[in-house]
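Presented below is the structure to which this report refers.
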Amino acid sequence: MALAVTHLWRHPIKGHGVEGLGAVTLAAGATLPWDRVWAIADARARIAPGATEWAPCVNFSRGAKSPRLMAIRASVDEAAGRVTLTHPAREPLTVDPDDAGDAARLIAWVTPLTSPERPAPAFVARARVGMTDSDFPSIALLNQASLAALSDRLGQPLAMERFRGNIWLEGLAPFAEFELVGQTLRIGGATLRVREVITRCKATTANPETGLVDADTLGGLRAGWGHQDFGVYAEVVTGGRVAVGDAAALA
């Protein structure tokens with residue numbers, strides 16, 4: 001099985017922006033660096049402001065509730081701990097989400113992008129570990145062939161950013177990533193154990209360029225394959241550098 005890394009992505013603020021990378025160094029038992037470091041709790045969240053343990057996604061503002069959030073792009077200044085966000089309907093914003101004043105500016109910036117029938121953004125939470133959708137620090141592995149198959153099914157090209165993955169692979173058959181659950185992969189200089197399939201939500205129906213719902217991704221998955229799954233969660237067993245173009249194989 002000859003696999004290769006085609007893209008790397010991170011999401012510094014959960015549900016609020018995506019950033020492409022050329023390379024990254026993974027650490028054992030951790031999320032991809034600067035991935036889901038922060039999350040924006042909504043007015044119904046059952047967590048307290050400030051640093052927090054992992055909490056389920058129901059506590060946070062995200063694309064499944066407010067599709068316009070899906071059009072946010074992010075860029076991290078790692079040395080300064082600052083994030084720049086852009087959106088087609090908003091002026092660019094650069095903030096340190098750990099700073100109280102900047103956090104208030106961030107809440108004000110995202111509020112107009114939140115669907116009015118949904119709970120309003122309330123405060124910024126900083127995760128002690130990455131605030132992934134899994135209850136363990138995960139890396140989302142996605143399959144280019146699955147994306148192509150779903151695009152063909154819906155009759156429209158689907159951007160990979162819809163699916164908020166971390167590492168995209170080529171060389172697998174469509175949805176063959178599910179067969180990797182329970183197995184260990186060497187990707188670049190790191191080793192990852194695949195733990196579970198990712199079940200998808202309505203966030204994937206929104207176009208990441210416009211924030212408008214324009215594809216029935218969930219219906220396409222159900223009609224074509226009888227499920228709403230796309231991609232797998234893995235955990236880093238041995239840390240190491242991973243770059244676009246690196247080979248991947250069963251360890």
Side-chain angles (χ1 to χ4, degrees), residues 5 7-42 45 47-55 57 59-63 66 68-114 120-133 137-140 160-161 164-168 188-190 208-209 211 236 239-244 246:
V5 177
H7 295 81
L8 297 168
W9 301 95
R10 65 184 174 191
H11 312 79
I13 304 171
K14 181 183 179 73
H16 294 72
V18 58
E19 179 179 20
L21 303 169
V24 67
T25 299
L26 302 180
T31 56
L32 189 144
W34 296 95
D35 190 51
R36 279 88 169 189
V37 173
W38 299 279
I40 297 180
D42 66 33
I47 60 173
T52 185
E53 303 299 333
W54 181 88
C57 59
N59 291 282
F60 305 112
S61 294
R62 53 198 177 91
S66 298
R68 284 180 294 176
L69 298 177
M70 293 293 288
I72 299 174
R73 297 279 169 156
S75 177
V76 177
D77 180 338
E78 297 183 10
R82 296 173 68 80
V83 184
T84 297
L85 302 177
T86 61
H87 187 279
R90 307 291 285 150
E91 291 296 318
L93 176 74
T94 299
V95 292
D96 173 359
D98 289 331
D99 176 83
D102 278 5
R105 293 172 57 220
L106 174 58
I107 296 299
W109 191 85
V110 301
T111 295
L113 303 176
T114 305
F123 61 87
V124 177
R126 195 185 211 284
R128 299 188 193 279
V129 297
M131 198 67 78
T132 55
D133 283 350
S138 61
I139 305 291
M160 65 185 70
E161 296 95 313
R164 304 176 309 285
N166 295 126
I167 301 176
W168 282 81
E209 295 297 326
V236 182
R241 185 177 184 272
V242 177
V244 172
D246 278 354

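Worth saying up front: this structure is predicted, and the values here are computed from it rather than measured. Below, all heavy atoms of this structure are taken into account, side chains as well, without hydrogens, waters or symmetry copies.
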May I ask you to test the [X]-[Y] pair for a side-chain heavy-atom distance under 4.5 Å?
| X | Y | result |
| --- | --- | --- |
| V244 | L8 | yes |
| V24 | W34 | no |
| H16 | V83 | no |
| S61 | D42 | yes |

Euclidean distance, [Y] [atom2] relative to [X] [atom1], rounded to 0.5 Å:
| X | Y | atom1 | atom2 | answer |
| --- | --- | --- | --- | --- |
| I40 | T114 | CD1 | OG1 | 8.0 Å |
| L106 | T111 | CG | OG1 | 9.0 Å |
| N166 | S138 | CG | OG | 7.0 Å |
| T86 | I72 | OG1 | CD1 | 8.5 Å |
| L26 | T31 | CG | OG1 | 9.5 Å |

Using atom types as modelled and distance alone, determine if a side-chain donor or acceptor of [X] lies under 3.5 Å from a backbone N or O of [Y].
| X | Y | result |
| --- | --- | --- |
| T52 | A48 | no |
| W38 | D96 | no |
| R164 | A140 | no |
| D35 | H11 | yes |
| R105 | V95 | no |
| R241 | A23 | no |

Measure up the W9 and H7 rings against each other and bin them: parallel (under 30°), tilted (30 to 60°), perpendicular (over 60°).
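Correct class here is parallel.
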For D133 and K14: C-alpha separation, side-chain torsions, deciding distance, then whether salt bridge (Lys or Arg N to Asp or Glu O under 4.0 Å) applies.
CA-CA 9 Å; D133 283 350; K14 181 183 179 73; 2.3 Å; yes
Run the numbers on I13 and F60 for side chain to side chain contact (heavy atoms under 4.5 Å, CB included), then give the verdict.
CA-CA 11 Å; I13 304 171; F60 305 112; over 6 Å; no
Going by the side-chain hydrogen bond (donor to acceptor under 3.5 Å, both in side chains) test, name the single residue among E19, H87, E209 that passes it with R73.
E209
Check the pair L32 / L21 against side chain to side chain contact (heavy atoms under 4.5 Å, CB included), numbers first and verdict last.
CA-CA 11 Å; L32 189 144; L21 303 169; 4.0 Å; yes
Around E91, counting heavy atoms of other residues, nucleotides and ligands shown, do more than 12 lie under 6.0 Å from its CD?
no
